2 protein chains.
Amino acid sequence: MLSFTEENYLKAIYHLSEAGTLPVLTNDLADSMKTKAASATDMVKKLAAKKLISYQKYYGANLTSKGKSDALMVIRKHRLWETFLVEKLGFTWDEVHEVAEQLEHIQSMTLIEKLDSFLGFPKTDPHGHPIPDALGKIKEMKQVHLSEFPVRKKCVVRAVKNGSPSFLQYLSKIGIRIGVMLNIVDKIDFDGSLEISIDHKKKIFISKEAAENLLVTE
Amino acid sequence: MLSFTEENYLKAIYHLSEAGTLPVLTNDLADSMKTKAASATDMVKKLAAKKLISYQKYYGANLTSKGKSDALMVIRKHRLWETFLVEKLGFTWDEVHEVAEQLEHIQSMTLIEKLDSFLGFPKTDPHGHPIPDALGKIKEMKQVHLSEFPVRKKCVVRAVKNGSPSFLQYLSKIGIRIGVMLNIVDKIDFDGSLEISIDHKKKIFISKEAAENLLVTE
DNA sequence: TTAATAATTTAGACTAACCTAAAAAATGTT
DNA sequence: AACATTTTTTAGGTTAGTCTAAATTATTAA
Ligand SMILES: [Mn+2]
Ligand SMILES: [Mn+2]
Ligand SMILES: [Mn+2]
Ligand SMILES: [Mn+2]
């Protein structure tokens with residue numbers, strides 16, 4: 001059985017290999033875990049000994065298929081709990097991540113399957129992120145960053161990329177939620193900021209950085 | 001902030017001082033924590049340094065008022081989660097304890113208050129045990145062991161004393177649940193076993209030990 | 001009231017996860 | 001190709017929680 005820490009490292013390696021390039025480098029892993037490179041080295045050695053990653057000195061780490069499915073199970077739990085907190089307990093989407101970081105480590109298959117059923121087998125979490133199924137299969141969605149979307153063509157917000165509380169609170173404040181319809185009215189060359197309309201109603205300017213953290217589809 | 005282990009020790013000290021005589025002795029604490037006396041000694045020293053218990057060498061430990069309220073908060077969480085598992089997720093009463101042992105350590109006051117509200121502010125958990133309120137106040141119930149109850153006088157099952165899965169499964173099998181009406185038809189002098197009727201219907205014999213672990217009221 | 005027994009504490013050691021500082025390897029630059 | 005810089009690993013140490021074995025204190029019995 002894995003410790004909380006081992007589970008957190010596996011999840012971090014998964015997310016880093018999703019985002020960046022393979023293999024996952026020690027310094028990136030240490031940053032992501034808010035720890036030091038020496039500690040990350042200790043842990044990758046341990047995970048490699050458990051065959052959850054393949055690891056070569058000075059080269060980096062890659063999840064094995066066992067490691068990947070363990071990581072996906074932690075992510076499944078995290079996202080199901082976030083969904084529970086929002087849908088059933090009335091948390092807002094900016095409050096749930098921290099609590100889910102703890103709940104994702106509860107050890108009980110029965111619990112997570114019953115929770116999934118209680119929630120009606122949701123496909124995505126409150127941030128629009130896909131929830132892996134009981135077998136660890138995750139449905140990749142072909143979404144594009146709002147910053148790359150064409151001007152004057154309506155799109156729907158599907159997910160946030162950066163899920164930090166401050167970004168989520170900002171989105172709530174300006175009326176952007178999952179499912180909302182956007183339209184890029186104008187793109188400002190100077191700084192890459194966008195003038196957008198939200199649900200055909202109010203127009204507002206958002207920064208390039210904000211637009212890069214919104215995932216949309218047609 | 002307390003570690004999982006510290007919380008578990010505090011809870012054990014609370015339950016031992018509830019059940020037995022004060023102060024709580026090292027060996028009893030070690031047994032209850034399924035560890036060794038030397039480890040229990042280490043921990044009582046630490047808890048005493050944190051002013052959660054008073055402790056004198058060779059004498060034993062008593063909770064301070066801070067220690068008691070911390071213990072009661074863990075118990076509140078444990079019992080609310082057990083209630084959630086049974087009421088909302090469809091667990092049976094013999095399955096929930098182990099999972100609640102993990103869930104009781106999740107750190108979030110907001111979470112537990114929202115959970116309480118979601119459950120409709122339950123007063124007791126699935127085993128009939130009282131749930132401390134948000135201030136740590138616990139409502140003591142004047143219940144009596146079925147083994148001490150008079151013959152041929154109807155009573156209602158309010159709680160189980162021993163909550164082990166095997167006892168709970170046995171109770172389910174013979175149709176004893178919280179709220180069921182019992183009547184002692186006969187008391188067997190030989191071994192203290194009881195012949196009882198359940199809900200005015202079927203009659204059955206139960207052992208003295210079983211009767212000592214059922215709490216009833218008139 | 002002394003001796004035997006039981007309970008408790010101390011001593012010393014282990015593991016997981018972390019740290020800092022130093023050494024080694026890889027990478028970049030002239 | 002040689003040197004400088006960055007990245008990564010190793011060495012050695014810390015803390016929380018555990019253990020076994022030995023020492024100490026308390027309790028019971030002769
Ligand atoms: Mn999250
Ligand atoms: Mn999420
Ligand atoms: Mn329980
Ligand atoms: Mn209970």
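Chain A is the first sequence line, chain B the second, and so forth, proteins listed ahead of strands; every chain is numbered from 1. Please read all numbers here as calculations on a predicted model, not as lab measurements.
Residue A/Tyr9 is classed as a sugar-phosphate contact, given heavy-atom separations below 4.0 Å to backbone atoms only. Counting any heavy atom pair closer than 4.0 Å across all strands shown, B/Thr5 reaches sugar-phosphate atoms only and no base atom. In this structure, A/Phe4 reaches neither bases nor backbone, as no heavy-atom distance under 4.0 Å exists between it and the strands shown. Within 4.0 Å of B/Thr41, counting heavy atoms only, lies at least one base atom of the nucleic acid. Backbone-only engagement by A/Thr26 is indicated by non-hydrogen atom pairs under 4.0 Å involving sugar-phosphate atoms exclusively.
Taking the ring axis of B/Phe118 as reference, the NZ or CZ atom of B/Lys88 stays within 45° of it and closer than 6.0 Å to the ring centre.
Between A/Met33 atom CE and C/dC19 atom P there is a gap of 10 Å when expressed in whole angstrom units. Following rounding to the nearest Å, B/Asp42 (CG) and C/dT8 (P) show an atom-to-atom distance of 15 Å. Rounded to a whole Å, the CG atom of A/Asn27 is 14 Å from the C1' atom of C/dA25. One atom, CG of A/Asp28, and another, P of D/dT6, lie 16 Å apart when rounded to the nearest Å. What separates OH of B/Tyr59 from P of D/dT24 is a distance of 25 Å, to the nearest Å. Protein atom CG of B/Asp31 is 10 Å distant from nucleotide atom P of C/dA7, rounded to whole Å. Counting to the nearest Å, the P atom of D/dT25 and the OH atom of B/Tyr55 are 13 Å from each other.
A perpendicular orientation is assigned to the rings of A/Trp81 and A/Phe84, their planes being inclined by more than 60° (bins at 30° and 60°).
A side-chain donor from one of B/His78 and B/His97 sits under 3.5 Å from a side-chain acceptor of the other. With hydrogens and angles left out, the side-chain atoms of B/Gln169 and B/Ser166 include no donor and acceptor closer than 3.5 Å. With 3.5 Å as the limit, one finds no donor-acceptor pair spanning the side chains of A/Glu98 and B/Gln107.
Considering only side-chain atoms of B/Lys36, the nucleotide from C/dA25, D/dT10, D/dT20 that sits closest is D/dT20.
Between A/Ala38 and A/Tyr58, the residue anchored nearer the 5' end of DNA chain C, judged by the nucleotide with its closest heavy atom, is A/Ala38.
Proximity of A/Lys57 to the phosphate of D/dT10: a side-chain N or O atom is located under 4.0 Å from OP1 or OP2.
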